[in-house]
2 protein chains.
Amino acid sequence: MTFQNPILTVDVVILTLAEGQLQVALMPRTEAPFAGRAMLPGGFVHGDPATGKVDKSTTQAALRILKHKLAFTPRHLEQVYTESGPTRDPRGWSASVIHLALHEYAVVETLVAAGRVSLHPVHPTPRLPPLAFDHRHLIDIALGRLKAKATYSTLLAHLLPPVFRLSDLRQAYELVCGTTENKANFRRKMLAADALEPADLLIGSGGRPAEGYRLREDITLIEGLISGA
Amino acid sequence: MTFQNPILTVDVVILTLAEGQLQVALMPRTEAPFAGRAMLPGGFVHGDPATGKVDKSTTQAALRILKHKLAFTPRHLEQVYTESGPTRDPRGWSASVIHLALHEYAVVETLVAAGRVSLHPVHPTPRLPPLAFDHRHLIDIALGRLKAKATYSTLLAHLLPPVFRLSDLRQAYELVCGTTENKANFRRKMLAADALEPADLLIGSGGRPAEGYRLREDITLIEGLISGA
DNA sequence: GCAATAGTGTCTCTGAGACAGTATCCG
DNA sequence: CGGATACTGTCTCAGAGACACTATTGC
């Protein structure tokens with residue numbers, strides 16, 4: 001080929017639960033364009049052998065970038081959508097493979113403490129600073145995916161610690177879906193879905209301690225978890 | 001940047017209903033690599049202003065390519081997944097944005113008659129020739145998306161003519177989902193979902209003519225169309 | 001004991017599914 | 001009229017949701 005290929009990047013929307021809100025992790029951007037603004041963690045896909053190690057896929061590129069820039073590997077990472085166009089990056093025609101990452105707050109908190117990222121609420125009441133590129137839009141796309149999958153998958157469990165209480169999971173649900181679920185029915189449906197397994201660990205907080213559960217690794221989809229309010 | 005960007009292409013999995021099977025439209029590949037094999041319609045994304053007109057997005061690139069190579073615009077086109085890696089194209093590290101296209105058979109048939117594409121069954125009993133690149137895998141990914149969305153959306157209606165009978169839609173369902181649905185209940189659920197509108201057109205075939213329906217353009221998702229057998 | 005949270009038993013009522021019946025076309 | 005296909009009425013039964021109850025901790 002004689003022509004210049006488009007720019008190919010990966011951007012990762014890292015979400016976690018903090019202070020009763022879904023929050024996104026952002027980095028400060030130091031180089032032009034958009035120097036000084038907040039940005040999603042992301043970067044170029046390494047495909048040219050001349051420049052060093054080559055990524056195995058865009059998702060592997062996302063993992064490499066998170067590890068390198070943040071020393072962080074998320075509990076959950078998935079490709080969401082590829083946003084593209086001639087004007088979204090002033091440097092030229094570009095495509096960005098958006099990834100959604102989920103992790104428990106306790107770990108993301110250490111990234112915040114280390115000054116690597118800052119957290120900003122995106123749901124239910126977004127409060128975002130001006131962002132670089134079209135990153136605001138990319139966040140919306142990733143958030144839409146999370147909300148869409150929330151009702152029929154165990155995705156939200158990845159926002160919690162490895163062992164969690166059913167009440168924790170229910171709270172995550174209620175936050176993301178904007179509903180209030182019945183305690184007894186939620187419990188029954190979650191257990192009937194056979195996606196969780198008891199962790200033989202009691203977790204207490206005020207009243208009777210709760211049974212701890214963890215995700216069964218192989219199960220992700222659930223038939224009709226919440227029929228929808 | 002001084003390094004070479006990865007190759008960015010678009011590949012389109014065009015599916016239609018023919019002879020009681022889901023079939024994919026393939027083109028003969030004439031250039032190396034993989035000359036002589038069958039391939040998905042696809043091509044490079046145009047991002048370099050020096051080479052002529054520039055695409056507005058990868059989906060627009062897919063539409064341009066289909067129009068140029070096949071003189072065809074599908075009724076439905078959506079981005080599915082971006083497959084990528086160092087080895088999937090011998091020419092270098094490449095990413096392909098897979099698109100799923102759906103259209104009624106009557107129109108695809110004219111493409112076949114014009115010698116532009118050939119149809120090959122992919123479901124329920126696949127019979128595919130050896131394909132170029134990893135196109136076999138790309139077809140599987142697109143097919144997985146179609147099956148996943150079939151039960152909770154009106155996607156399958158795009159495999160039918162603009163005006164269709166409920167029995168046609170039910171047959172498409174049964175084929176893709178591998179189930180047999182109750183005629184009366186299927187009708188009630190489809191109409192209750194409020195996704196179809198009567199077309200004031202009777203369509204006959206042997207017995208009592210059936211009411212023709214068309215898709216309501218704005219509605220795509222359905223709460224719980226088929227609860228699953 | 002009380003407050004707080006975890007977990008269970010059970011009733012109700014909707015709505016999915018099964019099935020039989022009626023309607024309308026062609027010959 | 002019979003065959004074929006379209007459409008409707010209605011019964012049943014599972015399961016979602018509501019809610020009251022019991023269980024186990026800390027004080």
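Just so we're clear, the structure is a prediction, and the values are computed from it rather than from any experiment. Computation of the quantities below employed the complete heavy-atom set of this structure, encompassing side-chain atoms and omitting hydrogens, waters and symmetry-equivalent molecules. Each chain gets a letter, A, B and so on, in the order its sequence line appears, and its residues count up from 1.
Rounded to a whole Å, the OH atom of A/Tyr173 is 13 Å from the P atom of D/dA16. With rounding to whole Å, A/Arg188 atom CZ is found 9 Å from C/dG9 atom P. A/Asp168 places its CG atom 12 Å from the C1' atom of C/dT5, with the value rounded to the nearest Å. Taking atom CZ of residue A/Phe186 and atom C1' of nucleotide C/dA6, one finds them 14 Å apart after rounding to whole Å. Per the geometry, CG belonging to A/Asn182 stands 7 Å off C1' belonging to D/dG17, to the nearest Å. Whole-Å rounding puts the A/Leu191 CG to D/dG15 C1' distance at 16 Å. Regarding B/Arg165, its CZ atom lies at a distance of 9 Å from the P atom of D/dC7, rounded to whole Å. Put simply, CE on B/Met190 is 16 Å from P on D/dA6, counting in whole angstrom units.
Taking only distance into account, the side chain of B/Asn185 meets the base of C/dA18 through a donor-acceptor pair shorter than 3.5 Å.
Two rings, from A/Phe164 and A/Tyr213, have their centers 6.0 Å or more apart.
Of all the residues in residues 200-208 of chain B, B/Gly206, B/Gly207, B/Arg208 reach under 4.0 Å from DNA chain C with at least one non-hydrogen atom.
Taking 4.0 Å as the cut-off between side-chain N and carboxylate O, A/Glu181 and A/Arg187 do not count as a salt-bridged pair. The residues A/Arg75 and A/Glu104 are annotated as salt-bridged, a charged nitrogen and a carboxylate oxygen being separated by less than 4.0 angstrom.
No hydrogens or angles considered: nothing links the side chains of A/Ser84 and B/Ser57 as a donor-acceptor pair under 3.5 Å. With hydrogens and angles left out, the side-chain atoms of A/Arg216 and A/Thr154 include no donor and acceptor closer than 3.5 Å.
Checking D/dC7, D/dG17, C/dG7 against every side-chain atom of B/Arg187, the shortest atom distance belongs to D/dC7. Taking only side-chain atoms of B/Ala184, from C-beta outward, the nucleotide of D/dC7, D/dT8, C/dA6 with the closest atom is D/dT8. Nearest to the side-chain atoms of B/Lys189 among the listed nucleotides C/dA6, C/dG17, D/dT10 stands C/dG17. The side chain of B/Ser167 lies closest to D/dA6, out of D/dC7, C/dG9, D/dA6. Comparing C/dT24, D/dC19, D/dC7 against the side chain of B/Pro209 picks out C/dT24 as the nearest.
Within the structure, every pair that satisfies the ring pair (Phe, Tyr, Trp, His ring centres under 6.0 Å) test and touches residues 58-79 of chain B, not counting sequence neighbours, is listed here: B/Phe72-B/His103, B/His76-B/His158.
Each of A/Leu166 and B/Thr180 has a nearest nucleotide on DNA chain C; the 5'-most of these lies closest to A/Leu166.
Across all their heavy atoms, A/Glu211 and A/Asp200 have their closest contact at OE2-N, 3.8 Å.
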